[in-house]
Amino acid sequence: MDKITVKDMDIKNKKVLVRADFNVPLDEKTGKITDDSRIRATLPTINYLTNLGARVILCSHLGRPKGEVVEGLRLKPVADHLSRLLGKDVHYSRSSIGPEAEKAVAAMNAGDILVLENIRFHPEEKKNDAGFAKELASLANIYVNDAFGTSHRAHASIVGVTEYLPSCAGFLLEKEIAALSSIIESPAHPFATLLGGAKVSDKVGVIENLMGKVDYILIGGGMAATFLKANSYEVGQSLVEEDKIEVARSLMKKASENNITLLLPVDVVVADEVSKGARGTTVPVEEIPADKKVVDIGPHTTSRFWDALQKCKTVFWNGPMGIYEIPQFAAGTKALAETLSNLYATTIIGGGSTAEIVTEMQLAEKMTFVSTGGGASLEFISGNELPGIKALPDKEK
Ligand code: 3PG
Ligand code: MG
């Protein structure tokens, strides 16, 4: 990577502000962290810095508190969890800037760790406000961006702060860039992308950027309905992005011009409603009833996708194949997650819900790389430069 990293900096005894992405999923009822992958992923950077005697000041957002304090979105549970993972004290400040944060930093010793309060409690964060960025920066001597998952946001703690401190990438950011670049720059062929999730609009950039690079495009999930409609199938009550039908058509045309095999579902599971008690029925795509919704791919589709994936040396997957949260509509997603985990191929999993599924199924270790970025990994694979990465200085050639 051509960005300066923590390894290039003189860290010893410095106060280091580390922007992490601790935006972890929380249980709706208990508020407990349901997947700590994003916290674990920052441990290498934290340990490296504390081993060099740095005072590590961690900063993150959690959820979307809209610029005000939301009790349920404080970072205290994250600080406690981090403390358990590290087996040492982690301090926590109920403010991210101002006298309370300054006092907490002043009380730190070499090797100490402090977690600042949810940075999005301040409206200035999302506005990339210069004064706010400067105040945050004033807490430290060095800035490290290890928040790959938030690097597609031009916010104060991601972009603004780099104006006021010597800045560099952390190990997680470095690893994400290396893994995701490898599949867009030099993938081993055959290369497939497996895409699902609710909306075509989230994936258009990915499909367009991968068009000249992949050999297979496999489409499932809610977004398949728009593609099926573009091929003149009736999709009943399924959500169709009417304004993306033309886009879907043109993507299919481009795929065929580029000799890419684009596979859509040939059978689907349909149901009256998306609810825990709903019953699914499998039908061929020609026979989707007018009063039902598509909720998963069917077994023939899974097996066609399986056949294609067996041939591949590289696979990029983002987006579930059905309504994964409802067990009876999770079969397609689960079968393909298993398939990917058993391939002799480079398997890269886009973050967000896809990463959570793979982690929940305990398959993360069997994949080549599971990104911690949801929107960020899609932006990256779409070929867009992420503002948080752009803001970091390049290594001298
Ligand atoms: C994410 O989970 O996508 C990142 O943490 C960024 O959060 P955001 O989508 O609320 O900006
Ligand atoms: Mg997001």
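In listed order, ligands and their atoms are each counted from 1.
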Is it the case that the side chain of Gln328 and the backbone of Ala278 share a donor-acceptor pair, with hydrogens and angles ignored and the cut-off at 3.5 Å?
yes
Report, as yes or no, whether the 6.0 Å neighbourhood of atom CD on Glu163 holds more than 12 heavy atoms from other residues, nucleotides or ligands.
no
So, do Val78 and Ile39 sit near enough that their side-chain heavy atoms are less than 4.5 Å apart?
yes
Using modelled atom types and a 3.5 Å cut-off, is there a donor and acceptor pairing between side-chain atoms of Asn258 and backbone atoms of Gly212?
no
Side-chain heavy atoms of Leu139 within contact of Lys15, under 4.5 Å:
no
Give the ring-plane orientation class for Phe171 versus Tyr48, where under 30° counts as parallel, over 60° as perpendicular and anything between as tilted.
perpendicular
Atom pairs and distances, ligand 1 N/O vs protein N/O under 3.5 Å:
unit_1   : atom_1 : unit_2 : atom_2 : d
ligand 1 : 2 (O)  : Asn23  : ND2    : 3.0
ligand 1 : 2 (O)  : Arg38  : NH1    : 3.0
ligand 1 : 2 (O)  : Arg38  : NH2    : 3.2
ligand 1 : 5 (O)  : Asp21  : OD1    : 3.2
ligand 1 : 5 (O)  : Asp21  : OD2    : 2.8
ligand 1 : 5 (O)  : Asn23  : ND2    : 3.0
ligand 1 : 5 (O)  : Arg38  : NH1    : 3.3
ligand 1 : 5 (O)  : His61  : NE2    : 3.1
ligand 1 : 7 (O)  : His61  : NE2    : 3.2
ligand 1 : 9 (O)  : Arg64  : NH2    : 2.7
ligand 1 : 9 (O)  : Arg153 : NH2    : 2.8
ligand 1 : 10 (O) : Arg64  : NE     : 2.7
ligand 1 : 10 (O) : Arg64  : NH2    : 3.3
ligand 1 : 10 (O) : Arg120 : NH1    : 2.9
ligand 1 : 11 (O) : Arg120 : NH2    : 2.8
ligand 1 : 11 (O) : Arg153 : NE     : 2.6
ligand 1 : 11 (O) : Arg153 : NH2    : 3.2

